[in-house]
Amino acid sequence: MTTFEALTYREFGDPCDVLAIEARPFGELGAGDIRVRVTLSPINPSDVIPVWGAYRHRTRLPKTPGYEGVGVVTELGPGVATSWLGRRVLPLRGEGLWQQYATVPSQFAIRVPDSVDDETASQLYINPMTAWVIATKELRLNPDDVVVVNAGGSSLGHVFAQLSRILGYRLIAVCRTRQHTVLLKDLGAWAVISCADDGELPQAVKDLTQGLGASIGIDSIGGGDGHALIRCVRPEGTVLNIGLLSGIPINWIALGDQHPRVTVRPFWLRRWRETAPAAEWCKSFAELLALTKGGQLVIPPSCGRFRLRNFAAGLQMDQTRGRQGKVIFAPWD
């Protein structure tokens with residue numbers, strides 16, 4: 001084999017239209033690099049939204065999406081210990097993973113224990129690491145905190161619910177329908193609010209908190225939903241905007257006038273990833289892997305697997321309302 005398949009886009013637009021399979025040649029490995037045969041790579045909103053052009057100012061084309069996944073080390077660059085060969089790893093902080101092979105720095109590759117299956121390992125980065133870094137490093141959440149999270153029925157919302165049981169903070173999960181209520185409470189959520197059934201969100205949160213409001217808000221949607229979440233937070237509280245599921249940015253200019261006593265700021269896992277020392281990076285994953293191994297953090301199984309050549313069908317399933325679990329690309333199936 002002299003080339004391998006990579007799912008790439010060279011212009012912004014509908015992912016089903018602009019993504020295409022390209023043959024990519026094997027390049028020389030640099031010092032400290034490893035080549036990984038990608039086994040599984042999930043579809044996340046953070047993979048798809050940039051394809052539409054939402055972050056075009058910081059997206060260099062052509063680009064292969066895929067922020068997280070799992071694979072097996074097949075080749076070593078100069079200076080890499082032979083013990084890496086054949087090991088299952090999370091091949092992160094390198095190239096996008098919607099391809100058959102990826103090159104990554106060995107110092108940031110995370111070895112996967114035998115006790116963790118491929119589906120679980122492939123989903124440990126985007127949502128679990130985002131929630132873990134926010135909860136333990138960015139905000140240092142504790143039992144005094146009441147945290148309100150929108151998109152509560154998402155994979156990220158499920159992780160925040162499980163971490164609330166581990167770290168002790170009280171979680172209010174906001175969902176569009178009641179279908180997620182039982183599961184979220186089983187996972188650890190203190191309360192679940194259905195926007196469609198429970199009226200105006202800020203008042204519902206105040207009713208739950210004796211009129212105080214939440215101390216922390218975590219917004220994954222942006223737009224009007226993001227502004228409604230900010231109104232749920234008490235004076236001197238903090239809101240992190242971490243996603244753009246609506247495709248509509250937060251109106252940062254209006255925040256000072258509308259919410260003068262609430263601190264609102266963006267959080268990008270990418271920025272933490274780029275600045276975190278290798279030792280901190282590896283330690284954070286070790287903590288997540290320990291929670292997974294101990295059964296305190298459970299990653300649900302995928303709802304479907306697709307080859308790269310069937311990417312359009314995978315992307316369409318990913319947009320299906322009410323689906324349970326992530327859609328995953330399996331480049332070698």
Side-chain angles (χ1 to χ4, degrees), residues 4 6-8 27 29-50 55 58-60 63-77 80-81 83-113 116-134 136-138 155-156 159 242-243 267-292 297 299 302 326 328-331:
F4 58 91
L7 194 53
T8 304
L29 293 179
D33 285 345
I34 56 176
R35 181 166 286 132
V36 177
R37 186 180 189 268
V38 180
T39 307
L40 298 175
S41 183
I43 299 175
N44 288 291
S46 55
D47 298 314
V48 178
I49 290 172
Y55 307 116
R58 64 171 190 250
T59 304
R60 182 178 298 178
K63 185 173 179 64
T64 293
Y67 280 115
E68 67 178 351
V70 66
V72 177
V73 179
T74 60
E75 191 176 348
L76 310 177
V80 180
S83 60
W84 281 97
L85 273 176
R87 293 298 301 262
R88 284 193 310 147
V89 297
L90 307 183
L92 308 172
R93 292 183 71 163
E95 301 173 337
L97 299 181
W98 290 3
Q99 56 183 324
Q100 292 181 314
Y101 286 92
T103 299
V104 298
S106 60
Q107 65 173 328
F108 295 114
I110 305 300
R111 298 192 185 201
V112 179
V116 179
D117 63 85
D118 277 354
E119 280 212 357
T120 297
S122 73
Q123 300 176 63
L124 273 179
Y125 176 41
I126 293 297
N127 292 320
M129 185 57 73
T130 294
W132 186 248
V133 170
I134 286 173
T136 64
K137 303 178 189 302
E138 186 76 8
S155 298
L156 182 60
V159 176
I242 64 173
F267 172 83
W268 295 293
L269 184 63
R270 173 182 59 85
R271 181 170 294 176
W272 176 81
R273 178 195 70 188
E274 292 171 352
T275 58
E280 183 178 0
W281 169 264
C282 293
K283 178 177 181 291
S284 296
F285 271 104
E287 292 166 339
L288 284 177
L289 286 164
L291 292 175
T292 302
L297 178 63
I299 306 298
S302 67
K326 286 190 182 182
I328 293 182
F329 286 129

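Given the structure is predicted, the values throughout are model-derived calculations rather than measurements. Keep in mind that the numbers below use all heavy atoms, side chains included, and drop hydrogens, waters and symmetry copies.
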Of the non-hydrogen atoms in R93 and F108, which two are nearest, and what is the gap between them? NH1-CE2, 3.0 Å
Could you give the distance from CG (L297) to OG1 (T292), rounded to the nearest 0.5 Å? 4.5 Å
Quick test of your reading of the model: are E280 and R273 salt-bridged, counting only N-O distances below 4.0 Å? no
Which heavy-atom pair separates P50 from Y55 by the least distance, and what is that distance? CG-CD1, 3.9 Å
Is K63 close to T8 at the side-chain level, that is, under 4.5 Å between some pair of heavy atoms? no
Non-hydrogen atoms of L92 and W281 that approach each other most closely: CB-CZ2, 3.6 Å
How about R111 and W84: do any of their side-chain heavy atoms sit closer than 4.5 Å? yes
Are V89 and V70 side-chain neighbours, meaning at least one heavy-atom pair lies under 4.5 Å? no
Evaluate side-chain hydrogen bond (donor to acceptor under 3.5 Å, both in side chains) for T120 paired with D117, printing each intermediate quantity in order. CA-CA 6 Å; T120 297; D117 63 85; 3.0 Å; yes
Pairwise distance CG(L269) to CD(E68) - rounded to 0.5 angstrom: 10.0 Å
Side chains of V38 and Q100 in contact at under 4.5 Å (non-hydrogen atoms): no
Can a donor-acceptor pair be found, under 3.5 Å and without considering hydrogens, that links the side chain of D47 to the backbone of Y67? yes
What closest approach, in Å, do I134 and I242 show between heavy atoms, and which atom pair accounts for it? CD1-CG2, 3.7 Å
Which distance, rounded to the nearest 0.5 Å, do you find between the CG of L124 and the CG of L90? 6.5 Å
OG of S284 to CE of M129: how many Å apart, nearest 0.5 Å? 5.0 Å
Hey, does the side chain of R88 reach the backbone of A121 with a donor-acceptor pair shorter than 3.5 angstrom? no
Restricting to non-hydrogen atoms, name the atom on S41 and the atom on G66 that form the minimum distance, rounded to 0.1 Å. OG-CA, 4.2 Å
To the nearest 0.5 Å, what is the distance between CG (L85) and CD1 (I34)? 9.5 Å
If you define the side chain from C-beta out and look only at heavy atoms, does anything of F267 sit under 4.5 Å from V133? yes
Test S46 against I126 for side chain to side chain contact (heavy atoms under 4.5 Å, CB included), laying out the working first. CA-CA 8 Å; S46 55; I126 293 297; 3.9 Å; yes
Nearest heavy-atom neighbours spanning Y101 and E95: O-OE1, 4.3 Å
Within 6.0 angstrom of K137 NZ, more than 12 heavy atoms from elsewhere: yes
Is the shortest heavy-atom distance from the side chain of S106 to the side chain of D33 under 4.5 Å? no
